[in-house]
Amino acid sequence: MDKNMCNINENLEENHEEAEVVNRIFRVESDEELRPLSDAENPILWMNENADLDDDLSFPNISNFFHRVDSNQILYETKKRQLKMIGKYVMGDLLGEGSYGKVKEMLDSENLCRRAVKILKRRKLRRIPNGEQNVEREIKLLKRLNHKNVINLVDVICNEEKQKMYLIMEFCVGSLQGMLESSSEKKFPLHQAHGYFTQLIDGLEYLHSMRIIHKDIKPGNLLLTLEGDLKISDLGVAETIDLFAKDDTCFQGQGSPAFQPPEIANGVESFPGFKVDIWSTGVTLYNITTGKYPFEGDNIYRLFESIGKGDFTIPGEIEESLRSLLLGMLEKDPYSRFSIQQIRQHSWFMRKPSKLVSKEVPIPPLQGDSLHRMTVLPYLEDHYYEFPTVEDDGSEQYITERELNEMNKNSAEQNNGKALVTQNSKRKWKKISCITIRSIPGCKQS
Ligand SMILES: Nc1ncnc2c1ncn2[C@@H]1O[C@H](COP(=O)(O)OP(=O)(O)OP(=O)(O)O)[C@@H](O)[C@H]1O
């Protein structure tokens, strides 16, 4: 009995919040069969009920309680993906995480479109300054917008019971920031940067035409689709100019410090809003073409001091035409700073640089997959895949997961909460043991 006992702690679900930790104590009868120990056989239960850990008398010999187990005596089960649906959307893997919540991939089960969902928890939003207002404003803004270079909000689902909100957006494969970070030089070849910059100006011009100041343009908020279309995202701190306002005067700057203009760094009371976006687009252009930032500082005070002075240098290798565009966009005085029209008429904007110079920076792989395949499919496969079970006579029998669930349910009812579990090793499923189930596996519906 001593040698072949093992205690397996297993986290059954990927998602921490919904994780259910099951402690199982087994006797290994053979490689394929485990049976749970009775309470009398189970040293850990015995220890918990009868022993005081500090009382030496209860442990005359510690080796009675901790048993060596050979690694080949432990059977591991591959984690099973739990299919989860939010309304008509099938949930896939995590794409990223921002300060407001997680972003996951989704599949629209009606039209089979790939989507991304931002999952927001009201409790978390309340802890972020202006969190709820920012999200509400973003939803309101995005619902009004429709442009090829601005992220499209497809659907909003609220679950009041769970206090969760799901913002369903078009799917993107990564951000310019992710691409820069994955490249050795931390910049794009000029023809690639030019392609993104012209799309950014198209999207920005549309936002401004809708009287929206984005206020947080930066490579991290510029997403790309698999087709290479740039999408301006994250309108969490954007501001809409009132329809009857006489100009675009703003009073508040909230974006990322390194991309803020001198007027905000210097703390002026009011400033022209659209020129804030021109400045941060200029910093973005500087960053994606040089791999550097025009202004830096060890801390936010030093950074703002540097931005406030407005002095910066452009690396010598930058060609004259791009240099003059950067100088126009990073003009300290917002009233002299380039407008979108001036940018469009600039020689660097109008003439795409030669493609022959260097290779394009690719979109980095997502979880090791450079093809960016849909992550929802494995969940569907695990849910609907037909897999064989090993019968007592050794023959293999194919059952669907629905049937397995039914078997488990019946088994649980008849067998005091014990159910069959299967093991998936290289797509081969087999019955390996009994476990105490807390819930019947199957599709979760939120
Ligand atoms: N539509 C989308 N398609 C694919 N990935 C997305 C999509 N939207 C966001 N992401 C990814 O999810 C992650 C989190 O995005 P999110 O916009 O919530 O936060 P962030 O902008 O990175 O950070 P913060 O909210 O703190 O500014 C990012 O890595 C982003 O690339």
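Not measured: the values here are computed from a predicted model. Order of appearance sets the numbers: ligands from 1, and atoms from 1 within every ligand.
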Interfacing atoms of ligand 1 (cut-off 4.0 Å, heavy-atom, [X]):
X	result
I151	1 (N)
N221	21 (O)
M169	1 (N), 8 (N)
G96	12 (O), 13 (C)
L95	4 (C), 5 (N)
C172	2 (C), 3 (N), 4 (C), 5 (N)

Original post:
Using a heavy-atom cut-off of under 4.0 Å, does the side chain or the backbone of E105 touch ligand 1, or both, or neither?
Top reply: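 Contact part for E105 vs ligand 1: neither.
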**OP:** Measure V173 to ligand 1 on non-hydrogen atoms and call it side chain, backbone, both or neither using the 4.0 Å cut-off.
**Re:**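 None of V173 does.
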Original post:
Would you say atom 28 (C) of ligand 1 touches the protein, meaning some protein heavy atom is under 4.0 Å from it?
Top reply: no
Subject >> R126 atom CZ, over 12 foreign heavy atoms within 6.0 Å >> reply: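 Result for CZ/R126: enclosed.
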**OP:** Evaluate whether atom CZ of R323 has more than 12 neighbouring non-hydrogen atoms of other residues, nucleotides or ligands under 6.0 angstrom away.
**Re:** yes
Could you identify the single nearest non-hydrogen protein atom to [atom] and state the distance to 0.1 Å?
atom	answer
atom 26 (O) of ligand 1	S99 OG, 2.6 Å
atom 30 (C) of ligand 1	L223 CD2, 4.3 Å
atom 10 (N) of ligand 1	V103 CG1, 3.8 Å
atom 23 (O) of ligand 1	G98 CA, 3.6 Å
atom 17 (O) of ligand 1	K118 NZ, 3.3 Å

Is [Y] paired with [X] through a side-chain N to carboxylate O contact shorter than 4.0 Å?
X	Y	value
K186	E181	no
K102	E97	no
E205	R344	yes
D93	K104	no
E170	R115	no
R373	D369	yes
K148	E227	no

Evaluate [X] for polar contact with ligand 1, using N/O atom pairs at a separation under 3.5 Å.
X	value
S175	no
D234	yes
K218	no
E170	yes
A116	no

Original post:
Are the side chain of K215 and the backbone of Q252 linked by a donor-acceptor contact shorter than 3.5 Å?
Top reply: yes
**OP:** Consider ligand 1: state whether an atom of it lies below 4.0 angstrom from any non-hydrogen atom of Q177.
**Re:** no
Subject >> Passing candidate, side-chain hydrogen bond (donor to acceptor under 3.5 Å, both in side chains) with E263, options K332, K275, R337 >> reply: R337
**OP:** For residues Y286 and Y293, establish whether the separation of their ring centroids is below 6.0 Å.
**Re:**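 When the ring centroids of Y286 and Y293 are compared, they turn out to be at least 6.0 Å apart.
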